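Working notes, beginning with the structure itself.
Here the structure is a predicted model, which is why all the values come from computation and not from measurement.
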Amino acid sequence: MEASRARIAPEVIDCIAQDRLPSIDELYRVADRIRSDLRGTKPAFAWGEADPEGIERLLTLRVAQAALVGDGGAK
């Protein structure tokens, strides 16, 4: 049986537990994890000449930021 990956990225847990904002590296790692989890699915947006990869990258960075920052992060 193959071990499954944790559902919540450790960076998200660390930021919440320490009540702090993420580093840029953490943001990119979480975004890459989200992209990896979504790989194999069709792009959510593919408008005309728009680069689906660029749009997907931007969206995954925004999702990662929301996951890491939550309601505003560190005080």
Side-chain angles (χ1 to χ4, degrees):
M1 182 196 262
E2 185 178 324
S4 64
R5 225 164 71 163
R7 298 301 251 167
I8 300 174
E11 295 86 355
V12 173
I13 295 169
D14 289 345
C15 287
I16 292 170
Q18 297 171 18
D19 192 28
R20 64 175 176 81
L21 294 173
S23 69
I24 295 295
D25 288 337
E26 288 171 321
L27 177 64
Y28 278 94
R29 283 195 305 270
V30 172
D32 287 343
R33 182 183 175 118
I34 292 167
R35 281 179 60 93
S36 174
D37 288 347
L38 294 175
R39 223 166 253 152
T41 62
K42 292 184 178 181
F45 302 99
W47 300 309
E49 297 299 313
D51 174 20
E53 285 293 316
I55 292 169
E56 285 179 7
R57 182 71 175 151
L58 176 61
L59 290 175
T60 56
L61 283 169
R62 287 182 179 171
V63 170
Q65 182 180 24
L68 289 162
V69 173
D71 68 351
K75 296 170 175 81

### Query
Which residues satisfy the side chain to side chain donor-acceptor pair (under 3.5 Å) test with Asp32, sequence neighbours excluded?
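Partners of Asp32 under the side chain to side chain donor-acceptor pair (under 3.5 Å) test: Arg57.
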### Query
For the residue pair Val30 and Glu11, what are the closest heavy atoms and their distance?
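Taking every non-hydrogen atom into account, CG2-CB, 3.7 Å.
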### Message
Please give me the minimum heavy-atom distance between Val69 and Pro22, naming the atom from each residue.
### Response
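Smallest interatomic distance, heavy atoms only, reads CG2-CD, 3.8 Å.
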### Message
Please determine whether residues Ile13 and Ile34 belong to a single hydrophobic cluster, defined as Ile, Leu, Val, Met, Phe, Trp and Tyr linked transitively by side-chain heavy-atom distances below 4.5 Å.
### Response
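Yes, Ile13 connects to Ile34 through the hydrophobic network.
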### Task
Check whether Val12 and Ile24 end up in the same hydrophobic cluster, where Ile, Leu, Val, Met, Phe, Trp and Tyr are linked by side-chain heavy atoms less than 4.5 Å apart.
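Val12 clusters together with Ile24.
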From [atom1] ([X]) to [atom2] ([Y]), nearest 0.5 Å:
| X | Y | atom1 | atom2 | answer |
| --- | --- | --- | --- | --- |
| Thr60 | Leu27 | OG1 | CG | 9.0 Å |
| Glu26 | Leu21 | CD | CG | 10.0 Å |
| Arg33 | Ile8 | CZ | CD1 | 9.0 Å |

